[in-house]
Number of protein chains: 4
Amino acid sequence: MTGPAEAPPSRRQQDVQRSNDALLAAAAEVFATDGVDAPVRRIIAAAGVGAGTFYRHFPQRSDLVTAVFRHEVDACAETAAALAAEHEPVEALTRWLQQVGRFVADKYGLKPAMHSGEPTYRSLPAYFLERFTPALAQLLEAAAAAGEVRTDISPDDLLRAVSGIAAPEDPAYTTRMVALLVDGLRRL
Amino acid sequence: MTGPAEAPPSRRQQDVQRSNDALLAAAAEVFATDGVDAPVRRIIAAAGVGAGTFYRHFPQRSDLVTAVFRHEVDACAETAAALAAEHEPVEALTRWLQQVGRFVADKYGLKPAMHSGEPTYRSLPAYFLERFTPALAQLLEAAAAAGEVRTDISPDDLLRAVSGIAAPEDPAYTTRMVALLVDGLRRL
Amino acid sequence: MTGPAEAPPSRRQQDVQRSNDALLAAAAEVFATDGVDAPVRRIIAAAGVGAGTFYRHFPQRSDLVTAVFRHEVDACAETAAALAAEHEPVEALTRWLQQVGRFVADKYGLKPAMHSGEPTYRSLPAYFLERFTPALAQLLEAAAAAGEVRTDISPDDLLRAVSGIAAPEDPAYTTRMVALLVDGLRRL
Amino acid sequence: MTGPAEAPPSRRQQDVQRSNDALLAAAAEVFATDGVDAPVRRIIAAAGVGAGTFYRHFPQRSDLVTAVFRHEVDACAETAAALAAEHEPVEALTRWLQQVGRFVADKYGLKPAMHSGEPTYRSLPAYFLERFTPALAQLLEAAAAAGEVRTDISPDDLLRAVSGIAAPEDPAYTTRMVALLVDGLRRL
DNA sequence: TATGAATGAGAATTCATTCAT
DNA sequence: AATGAATGAATTCTCATTCAT
């Protein structure tokens, strides 16, 4: 998009980036601990910036939630992508869904926002699916091509179900129930 | 059941009951619309009572949430119980779980509280399981006795999964995923 | 005032008296513990009567405070009166003031009201003085007649000072300072 | 005193100081009029600041009371200190105690808090004594060295007694009774 | 006359957001 | 662009008092 002449970021731009990163990191931490409804004050305190800086970067509170969410989803999508190549279709599918389950459980503070249904957070599940659906579709197709799973379940349905089941306080339960979903898939 | 010792409720007691019912009904409505964090003001306005009455009946805010939740769970448990007798084991099991899914989806505002993990609402999932587990255990046993489902999945796990999956805005999805769980159960 | 034909109190009158006594006793207890600003609810709970009964007996909140105060003052005045006859003038005077000091300290919850200066409680110090001044005046006169104390300090001043000094949490201090006042009196 | 390291306060710091001063002054006024239990609303209205500012400066209500109290005590302690040098021992002692008496009487609303015994205000009498005891101790020692007063009365006892006696509505009475205490002191 | 449920005004406090510096 | 003090609306909760029974 931009040519090779792209100038190095100025000092000012670096500062801006630093603030942004600090806010994102602080918010991820605070959201995980206290949920998305945590007071802004706590986030800016954790980030070590002023309130004004916060609102400059994220004019709407939901902008921050969205940004954190995307950041997390991106990170998960990247690590999940690698799994596909290393295992048998069903094994890869299972491991991948388990990983998604763990991810949602880990980012616990964001789960309520994702499932809240509030118009403000409408874009959260959309982005979640946007990032994960393609990969899962591939895994499902591969397994279906091998005759191992049925074809009447959409990747989106599966992803929603996994994210709904994921429970941070009980990883073993999460694992068991994701496995049960996969078993359901294998019942042709 | 009603012996001579059971006096009819006095007018006074009826009034108290009316206030309580009004608050419960109003809260159920408001919670479903605006979530459990809806301002008390809205609930008392909807119930047509004063703030003092509210706090007399439910000294802690969470007392109201708990009461509404129990009320709803009781109602669902009652209707669910009837299903068991009318259908074949797996059919009864499926219908029952579907109904639980619809129930959780309907009582939308309560779901986040149930899954919030906050100590205040610790008793919600406990009560949910307390009421539903016995019935589901019977259904599972009947189906297992008929050799139709496996025996390594606990009723509690299933109930948690169904309540996690339930999505108010998409009943069809809820139905599909509950069905997928049952399919998983049938994979012996 | 009423002749010997005075009828025995009716059942109704007895009930009224009982409620009144219960409220007075409960209020004395609660005031001593929580101060005169204690919620009415606590008093009626302690008295075991309804709110309506309370307001029937004491239409103004301050009516109760006044009634309790008078009740206490009366009790103290009665016991104090006896001292005068048994001791030498200065000894009687000292003992009497010490007793008043202990009384005020004991009825601690009422002290702030007495010294609050609020118009509502204007009558409290007045009644206090009304009941105690005559006795103290006599003691002072007797001691003055014996040439033991000076004559330029009024009983009212002394009573106010003693009641101001009285400290419930430190009886020894109260005793010391009342003694110091008496020493002042003896400096002719 | 003011070395080069002491930067002049920034405009921002000045504003903060102004808010603080305004709150302190307003509270002193309101407390004197309506007592320490006066609604916060009245104080912030008088100070011309927002509620948030109030709670920023004094997170706990008692923080404000404490701050006002210390402010007043400091002011009195400063003016009282000067007296010692100008008069004969007993005269200085008398004038000083009279001044303390006037001070307590003037800061009327604070007196109940100081004598309330509530744990919240535990620090009030402590600070009062902390500031006044040393000065009074010196005055007492000087007078005792001159053989004018006795030595068995502690400065703390005296200060408590004076503050208990002080009556805002009757300065003459306060003066008379403080004088009586001093007379007691002189009775060797 | 006693009861106690209901009322609702009022108080404390929090917190998102603005804006002068 | 960053800061953080100030704002003030919004919310929860308390409690004196009323009034139908």
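Chain naming here is simple, since letters A, B, ... match the order of the sequence lines and numbering starts at 1 in each.
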Residues, nucleotides or ligands: over 12 heavy atoms within 6.0 Å of A:H71 NE2: no

Whole-Å distance separating the CG atom of D:D15 from the P atom of F:dT7: 10 Å

Modelled atom types, side-chain donor and acceptor of A:Y55 and A:D63, under 3.5 Å: no

Salt-bridge criterion met for D:R18 and D:D15 (N-O under 4.0 Å): yes

Length of the line joining D:D34:CG and E:dA11:C1', which is rounded to integer Å: 14 Å

Side-chain heavy-atom pair D:V40, D:L64 within 4.5 angstrom cut-off: no

Spacing between D:I44 atom CD1 and F:dA9 atom P, to the nearest angstrom: 11 Å

Atom pair distance, as rounded to whole Å: CD in D:Q17 and C1' in F:dA5: 14 Å

Residue-phosphate contact under 4.0 Å: C:R41 side-chain N/O, F:dC15 OP1/OP2: no

Residue mapping more 5' on DNA chain E - nearest nucleotide basis, D:P39 or A:P39: D:P39

Counterpart residues, salt bridge (charged side-chain N to carboxylate O under 4.0 Å, His left out), relative to C:R42 (two or more places apart): C:D34

Nearest listed nucleotide, side chain of C:A51, among E:dC15, E:dA5, F:dG4: E:dA5

Side chain to side chain contact (heavy atoms under 4.5 Å, CB included), paired with B:V36, selected from B:L124, B:V68, B:V65: B:V65

Separation of atom CD1 in A:I43 from atom P in E:dT17, rounded to whole Å: 12 Å

Interatomic distance where CZ belongs to B:R18 and C1' belongs to F:dA20 [whole Å]: 13 Å

Test log, rule side-chain contact (heavy atoms from CB on, under 4.5 Å), inputs B:H57 and B:L24: CA-CA 10 Å; B:H57 284 267; B:L24 239 33; over 6 Å; no

Donor-acceptor contact present, side-chain C:T53 to main-chain C:V49, <3.5 Å: no

Residue-level proximity of residues 52-65 of chain C to DNA chain E when a heavy atom falls under 4.0 Å: C:G52, C:T53, C:R56, C:H57

Atom-pair distance (CG on D:D37; P on E:dG10), nearest Å: 18 Å

Strand DNA chain F as a dot-bracket string - pairs counted if Watson-Crick or G-U with both distances under 3.5 Å, | where the partner lies in another strand: .||||||||||||||||||||

Nearest atoms (heavy-atom pairs only) where D:S62 meets D:Y121: CB-CE2, 4.0 Å

Distance test, side-chain N/O of D:S19 to OP1/OP2 of F:dA5, below 4.0 Å: no

Whole angstrom value for the distance that separates P of E:dA5 from CD of B:Q14: 15 Å

